[in-house]
Visitor: 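Please find one structure pasted underneath; my questions will follow.
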There are 2 protein chains.
Amino acid sequence: MGAQKDTRTRIQEVALQLFTEKGYEATSLREIAEILGVTKAALYYHFRTKEDIVASLTEDRIAALDELIAWAARQPRGPETRREILRRYAADMTGPRHHAVMRFMERNQTALRGHSKVEVIRERSTELLRVLGEPGDTLTTSLKRAMAVFTLHMAWFVAPDTEATDEERVAAALAVAEELIEG
Amino acid sequence: MGAQKDTRTRIQEVALQLFTEKGYEATSLREIAEILGVTKAALYYHFRTKEDIVASLTEDRIAALDELIAWAARQPRGPETRREILRRYAADMTGPRHHAVMRFMERNQTALRGHSKVEVIRERSTELLRVLGEPGDTLTTSLKRAMAVFTLHMAWFVAPDTEATDEERVAAALAVAEELIEG
DNA sequence: GTCTATATGGGGATAGAC
DNA sequence: GTCTATCCCCATATAGAC
């Protein structure tokens, strides 16, 4: 809410970057503090624990997932609804911090075991797959549905040397995802 | 080579399990030693460092990838070769320890940054995607190719409550992967 | 091949001054 | 809101006896 970027936000940004690049456990609070030009103790003013930093990063992700799931639950199940779920999910991922947070969690799956907020995201992701599926689905169909969602996460990490805008990547991912969700 | 399971092998097994379940950094050598009923120092007789345990786990994975890539390089590029690459990759993944090692690496991506053998696997995986592609591929096509390979990794983690044998999972994954590779 | 004992270092976290 | 100083714990790793 402050006029310029406050320290709390800068901590989140640096932490997210280091957690993603070097790993959650491998990143020490000292390191984060050094980059920001403050001391460890200063971090503890803004966040009570290292886990709290992670929790703060996940909050708007959880809210977005909850909203999408709630919307989906109100729709009739069917191909068109499935496609629209993917579109909304993709649109949501396009936000700047959003897919960065998902990437961070993907790359640190084990290290984040037991973090309560991370478990919530995992649970919501499972729920999202559930609303994308139907009772009689075969294993192959379930796999396709899961891969459709996953494709939307992967758009940024494939062909990294390719020149492509975010929009082009989302469009490509959505095309592949929609093809997978047809089955 | 010993008659019964030697300590070295048992260390590898326990380490792989804990690294996968709890995370690489979160798993201490003390913990591994305790489970095996030996001391930390005993581990250091078999492996010079913690990294060495990881390196030992990756070795046959690297060999398998090298062999597949070499085979692929000798074939004419085309749809049939691409399908056969997927089939061979899938068959290889079916081995007991194999996909466990890949899962371990997937779940600990960031923690394993800089481990030399792990970087080799990363490099070989990129190379595998390269032989699966062709010069003029669009972003969408590249994405589909990458997702095809990735699907073969994911077969075990989708619909975990579903009763399915390894063979059924591989078959389903291969079906999805082959569909993706057509494009 | 495994042990005890220890070196060495860094981690997260806290107290209390400014 | 940030600092200095410090606590406590556990990590990897090593030395040397058995």
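Each chain gets a letter, A, B and so on, in the order the sequences are listed, and its residues count up from 1.
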Visitor: For A:R77, is the CZ atom crowded, meaning more than 12 foreign heavy atoms sit under 6.0 Å from it?
Guide: yes
Visitor: Whether A:T7 contacts D:dG1 is assessed here as follows: a side-chain N or O lying under 4.0 Å from the phosphate OP1 or OP2. Is that the case?
Guide: no
Visitor: Any residue in residues 17-29 of chain B with a heavy atom nearer than 4.0 angstrom to DNA chain D? Just list them by number, or reply none.
Guide: B:T27, B:S28, B:L29
Visitor: Measure the acute angle between the ring planes of A:Y89 and A:H153, then classify it against the limits of 30° and 60° as parallel, tilted or perpendicular.
Guide: parallel
Visitor: Would you say B:E163 has more than 12 foreign heavy atoms packed within less than 6.0 Å of its CD?
Guide: no
Visitor: Considering residues, nucleotides and ligands other than B:E67, do more than 12 of their heavy atoms fall under 6.0 Å from its CD?
Guide: no
Visitor: Whole angstroms only, please: what is the CZ-P distance between A:R30 and D:dT6?
Guide: 19 Å
Visitor: May I ask you to check whether over 12 heavy atoms, not counting those of B:Q75, lie within 6.0 Å of atom CD?
Guide: yes
Visitor: Could you tell me whether B:R88 sits above the aromatic face of B:W71, with NZ or CZ closer than 6.0 angstrom to the six-membered ring centre and within 45 degrees of the axis?
Guide: yes
Visitor: Tell me the interatomic distance from B:R8, atom CZ, to C:dT2, atom P, rounded to whole angstroms.
Guide: 13 Å
Visitor: Under the criterion side chain to side chain donor-acceptor pair (under 3.5 Å), which of B:E182, B:E134, B:E178 is the partner of B:R82?
Guide: B:E134
Visitor: Transitively linked via ILVMFWY side-chain contacts under 4.5 Å: B:L65 with B:V101?
Guide: yes
Visitor: Where along residues 38-54 of chain B does a heavy atom fall under 4.0 Å from DNA chain D?
Guide: B:K40, B:A41, B:Y44, B:T49, B:K50
Visitor: Roughly, in whole Å, what's the span from CD in B:E34 to P in D:dT12?
Guide: 12 Å
